[in-house]
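The block underneath contains the structure these notes are about, expressed in structure tokens.
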Amino acid sequence: MYASHFGLKELPFTITPDTSFFFAHSSHQEALNTLLVAARSGEGFMKVIGEVGTGKTLLCRKFLGTLDHREFVTAYIPNPYLQPMTLLFAVADELDIKYPQHINQHQLLKLLNRYLINTYAEGKRVLLCLDEAQAIPIETLEGLRLLSNLETERRKLLQVVLFGQPELNARLDNPSIRQLKQRISFACQLSPLSLSEVEFYISHRLAVAGYRGARLFPHKVVKQIYRVSQGIPRLVNILAHKALMAAFGEGARAVSERHVRQAVADTESTQGALTVKARIKRYLTALVSSVAAFGLTLMLSGAPLITGGLV
């Protein structure tokens, strides 16, 4: 791989949510600060909304890692597409609560309630993070609300943070779970990176990966990546990674616009981001090919070709 070629200690643009690469740009830092304040103030429900690839999972892990674990007991469920009873089992497993093999929902809720009360008595709070929350079934969301009913006179015994795509908002608009929506006291919206943030983002990840050389991504290359990715961090990572691979393949010491074009051509999710010039070129190429194919068909069929005007 290209790491040694560019003097890197590790690959800087992987799409796995590694918190050591967390980039505190405006909306992410604001969301992190909001979550920390809300958690420490004992709020019941919190919500973070972001489009695909904007870094929700990375933010979630950063948030969990930032919490003081002398004060918080945390549980993380990455795929909450579960029925209500199965979600209770998942929460119990995350909190390391032991339960008998054959247990009904009432008994499991009693175990969870006892655990929450005992944890509160120890001066700790229990916080549950649900990633990809837009996939949670409606009946499971209602079960989650009932679980959050466990509280003392002063605060909730369980705090819940929902991380999801914009579809989560539509799901929460369902009248059958309007009580849950009313309990969401803090909501954050993750936005794509601006051009200047993409520039800092790329430099930040390179620095974390150990790069200390001359500039790898000239400004015009960054602008090209921004234009194609629309500032979505995951797409920035994919394009930067593939552009570095293309540069490495040529033995180059910096990324050029040609390398980014190669990365775009190799990335299906960016095919809709072609420039107007590229779209016109593709259209004309297709048109010429169609005309040539039509002419060949006429020749093979023996039909006369019209080469002049009307006579």
Side-chain angles (χ1 to χ4, degrees), residues 14-22 28 31-32 35 38-39 44-67 69 72-99 101 103-105 108-109 111-112 115-116 125-148 150 156 158-174 176-177 180-181 183-184 186-190 232-235 237-238 268-269:
T14 60
I15 59 174
T16 52
D18 184 345
T19 55
S20 64
F21 285 99
F22 180 76
H28 281 65
L32 179 60
L35 290 175
F45 274 91
M46 295 155 268
K47 178 184 72 171
V48 177
I49 297 296
E51 271 292 354
V52 176
T54 51
K56 296 182 296 296
T57 300
L58 179 59
L59 174 64
C60 179
R61 294 189 179 182
K62 180 67 175 179
F63 168 59
L64 291 174
T66 305
L67 291 173
H69 290 281
F72 288 92
V73 175
T74 60
Y76 171 67
I77 298 178
N79 180 18
Y81 184 61
L82 305 168
Q83 293 305 307
M85 185 65 174
T86 312
L87 179 64
L88 293 179
F89 281 125
V91 173
D93 290 339
E94 277 293 299
L95 296 174
D96 201 25
I97 298 173
K98 306 301 179 185
Y99 51 85
Q101 183 176 3
I103 186 173
N104 60 39
Q105 184 169 342
L108 185 54
L109 276 171
L111 282 178
L112 284 166
Y115 175 87
L116 293 174
R125 309 175 190 184
V126 180
L127 186 142
L128 170 65
C129 285
L130 298 166
D131 207 353
E132 302 295 346
Q134 75 281 347
I136 304 177
I138 293 293
E139 59 272 20
T140 303
L141 283 170
E142 175 60 15
L144 192 62
R145 181 189 69 83
L146 295 175
L147 182 61
S148 72
L150 305 174
K156 294 287 184 181
L158 177 68
Q159 296 173 273
V160 180
V161 188
L162 303 172
F163 291 83
Q165 296 169 20
E167 291 83 355
L168 175 60
N169 285 330
R171 185 156 294 233
L172 291 171
D173 283 336
N174 190 305
S176 66
I177 55 170
L180 172 59
K181 184 176 181 179
R183 294 187 181 188
I184 298 175
F186 285 89
C188 308
Q189 178 77 41
L190 300 184
I232 300 296
R234 182 182 295 162
L235 292 180
N237 284 359
I238 291 171
E268 185 174 351
S269 56

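Computed from a predicted model, the values in this text were never measured in an experiment.
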Between Ile49 and Gln165, what is the shortest heavy-atom contact and its length?
-> CD1-O, 3.8 Å
Short side-chain to backbone donor-acceptor contact, Arg171 and Ile136, under 3.5 Å = yes
Give the minimum heavy-atom separation between Thr14 and Asn237, together with the two atoms involved.
-> O-ND2, 3.3 Å
Correct closest heavy-atom pair for Phe89 and Ile103 would be CE2-CG2, 3.7 Å
If you measure from CG on Leu158 to CG on Leu116, what distance do you get to the nearest 0.5 Å?
-> 5.5 Å
Over 12 foreign heavy atoms within 6.0 Å of CD1, Ile15 | no
Spatial distance of atom CZ (Phe45) from atom OG (Ser148) [nearest 0.5 Å] | 4.0 Å
Among Thr140, Leu82, Ile77, Leu141, find the residue that satisfies the side-chain contact (heavy atoms from CB on, under 4.5 Å) test when tested with Leu130.
-> Ile77
Distance from Leu95 atom CG to Leu128 atom CG, nearest 0.5 Å?
-> 7.5 Å
Heavy-atom closest pair (Lys62 atom, Thr19 atom, distance to 0.1 Å) is N-CG2, 3.7 Å
Any chance you could lay out the side chain to side chain contact (heavy atoms under 4.5 Å, CB included) test for Leu35 and Phe186, step after step, and finish with the verdict?
-> CA-CA 8 Å; Leu35 290 175; Phe186 285 89; over 6 Å; no
Apply side-chain hydrogen bond (donor to acceptor under 3.5 Å, both in side chains) to Tyr99 and Asp93, showing your working.
-> CA-CA 9 Å; Tyr99 51 85; Asp93 290 339; 2.9 Å; yes
Output yes when a side-chain donor or acceptor of His28 lies under 3.5 Å from a complementary backbone atom of Thr54, and no otherwise.
-> yes
For the student: nearest non-hydrogen atoms of Lys98 and Leu111, plus distance | O-CD1, 3.8 Å
Salt-bridge present (Lys181, Asp173; N to O < 4.0 Å) | yes
Roughly how far apart are Leu88 CG and Leu147 CG, rounded to 0.5 Å?
-> 6.0 Å
Would you say the side-chain atoms of Arg125 pair up with the backbone N or O of Ala39, donor to acceptor, closer than 3.5 Å?
-> yes
Can you find a heavy atom in the side chain of Asp131 that is under 4.5 Å from one in the side chain of Tyr76?
-> yes
For the pair Lys47 (side chain) and Gln189 (backbone), establish whether a donor and an acceptor sit closer than 3.5 Å, ignoring hydrogens and angles.
-> no
Output for pair (Met46 CE, Arg183 CZ), nearest 0.5 Å, gives 14.0 Å
Determine, step by step, whether Asp18 and Ser20 satisfy the side-chain hydrogen bond (donor to acceptor under 3.5 Å, both in side chains) criterion, reporting the C-alpha distance in whole Å, the side-chain angles of both residues, the deciding distance to 0.1 Å, and the verdict.
-> CA-CA 5 Å; Asp18 184 345; Ser20 64; 2.8 Å; yes
Say whether, by atom type as modelled, one donor and one acceptor occur between the side chain of Gln134 and the main chain of Gly164 under 3.5 angstrom.
-> no
Verdict with supporting geometry, Val126 and Tyr115, side chain to side chain contact (heavy atoms under 4.5 Å, CB included) | CA-CA 10 Å; Val126 180; Tyr115 175 87; 4.0 Å; yes
Could you tell me whether the side chain of Leu112 reaches within less than 4.5 Å of the side chain of Ile97, counting heavy atoms only?
-> yes
Rounded to the nearest 0.5 Å, the CG atom of Asn79 sits from the CD atom of Glu132 at a distance of 8.0 Å
Which atoms form the tightest heavy-atom contact between Glu94 and Ala75, and what is the distance?
-> CB-CB, 3.6 Å
